[in-house]
Amino acid sequence: MEHHIIPEFEKLLLEIEKNPDISRIIPGRISRQQKWSSTMRFRVTIPTDSGFKCIMSKGATAQELFVICNPKKSDSIKDSILESVKSFIK
């Protein structure tokens with residue numbers, strides 16, 4: 001692990017990493033954002049050469065998350081992650 005993880009998302013990431021099509025999950029630096037929301041939010045943002053990038057946030061804290069996977073399986077992996085997010089974030 002290169003950086004810490006926003007504590008509220010740790011269980012979600014442990015669930016996501018069980019997907020055998022994901023090679024690696026790399027959390028980015030935790031940063032402050034101007035927008036503030038008391039709810040937990042998770043979104044898939046952009047594709048990368050090696051997978052895709054996500055952003056998770058709670059309060060004024062945000063963190064990028066890079067998911068490394070086979071780009072050909074990227075869509076099914078995104079769907080799987082978003083299903084996990086739905087069951088985790090209510």
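Remember, it's a predicted structure, so these values are computed and weren't measured experimentally. The figures that follow rest on heavy atoms only: side chains count, while hydrogens, waters and symmetry mates do not.
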Between Phe9 and Ile89, is a side-chain contact (heavy atoms from CB on, under 4.5 Å) present by the stated rule, with each step listed? CA-CA 9 Å; Phe9 288 94; Ile89 299 175; 4.1 Å; yes

Check the pair Ser87, Glu83 against side-chain contact (heavy atoms from CB on, under 4.5 Å), reporting the backbone distance first and the verdict last. CA-CA 7 Å; Ser87 64; Glu83 283 301 313; over 6 Å; no

Go through the steps to decide whether Phe88 and Ile16 satisfy the test side-chain contact (heavy atoms from CB on, under 4.5 Å), and finish with yes or no. CA-CA 11 Å; Phe88 181 78; Ile16 290 171; over 6 Å; no

Applying side-chain contact (heavy atoms from CB on, under 4.5 Å) to Gln63 and Ile5, what does each step give before you reach the verdict? CA-CA 8 Å; Gln63 185 171 22; Ile5 296 171; 4.2 Å; yes

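Between Cys54 atom SG and Ile46 atom CD1 the span is 10.5 Å, to the nearest 0.5 Å. The line from CG of Asp79 to OG of Ser84 is 11.0 Å long, rounded to the nearest 0.5 Å.
Annotation: side chain to side chain donor-acceptor pair (under 3.5 Å) contacts of Thr39 (sequence neighbours excluded): Ser37. Ser31 is linked by a side chain to side chain donor-acceptor pair (under 3.5 Å) to nothing, counting only residues two or more places apart in sequence or in another chain. Residues satisfying the side chain to side chain donor-acceptor pair (under 3.5 Å) criterion with Lys18, sequence neighbours excluded, are Glu15. When the side chain to side chain donor-acceptor pair (under 3.5 Å) test is applied to Gln33, no partner is found at least two apart in sequence or on another chain.
Contacts classified as side-chain hydrogen bond (donor to acceptor under 3.5 Å, both in side chains) and involving residues 64-73 (residues at least two apart or in different chains) are given here: Asp21-Lys73, Lys53-Glu64. Every pair tested for side-chain hydrogen bond (donor to acceptor under 3.5 Å, both in side chains) that includes a residue from residues 41-51 fails, sequence neighbours excluded, so the list is empty.
Cluster annotation: Leu14 is not connected to Ile6 through the hydrophobic network of ILVMFWY side chains, with a link wherever side-chain heavy atoms come within less than 4.5 Å. Hydrophobic clustering (ILVMFWY, side-chain heavy atoms < 4.5 Å, transitive): Ile55 and Val44 are in distinct clusters.
Between Phe52 and Cys69, the shortest heavy-atom distance links the atoms CE2-SG, 4.0 Å. Smallest separation of non-hydrogen atoms from Gly51 and Ser74: O-OG, 4.5 Å.
Among Ile22, Ile25, Val67, the single residue meeting the side-chain contact (heavy atoms from CB on, under 4.5 Å) criterion with Glu17 is Ile25.
The shortest distance between side-chain heavy atoms of Met56 and Leu13 falls below 4.5 Å.
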